[in-house]
Amino acid sequence: MKRLFLSLLFFLVLALVVGYLVSGPDFMDWGVAGGLFAVAVVGEGFRYWMQRSRARKRESSGV
């Protein structure tokens with residue numbers, strides 16, 4: 001869970017920086033920043049789901 005939090009925090013900061021760099025000094029481009037962060041959240045959620053499903057498969061022996 002700590003890795004998930006740190007990863008999302010890193011991507012949040014990265015998305016905010018990219019949103020600011022794309023927009024220039026006038027205003028923050030929240031659409032770009034929010035979109036990038038949404039992609040990061042979906043990716044981390046998928047990674048977490050895959051990790052849990054693999055662990056569940058290892059848990060059931062079948063015999």
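Basis for what follows: all heavy atoms, side chains included, without hydrogens, waters or symmetry-related copies.
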Not counting sequence neighbours, list each pair that qualifies as a salt bridge (Lys or Arg N to Asp or Glu O under 4.0 Å) and has a residue in residues 13-22.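 Listed once each, the pairs would be none.
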
Review item, side-chain donor-acceptor pairs of residues 8-18, under 3.5 Å, at least two apart:
none

Under 3.5 Å, which donor-acceptor pairs link side chains of residues 30-46 to any protein atom two or more places apart or in another chain?
| from | atom 1 | to | atom 2 | distance (Å) |
| --- | --- | --- | --- | --- |
| Glu44 | OE1 | Arg47 | NE | 3.1 |
| Glu44 | OE1 | Arg47 | NH2 | 3.2 |
| Glu44 | OE2 | Ser7 | OG | 3.0 |

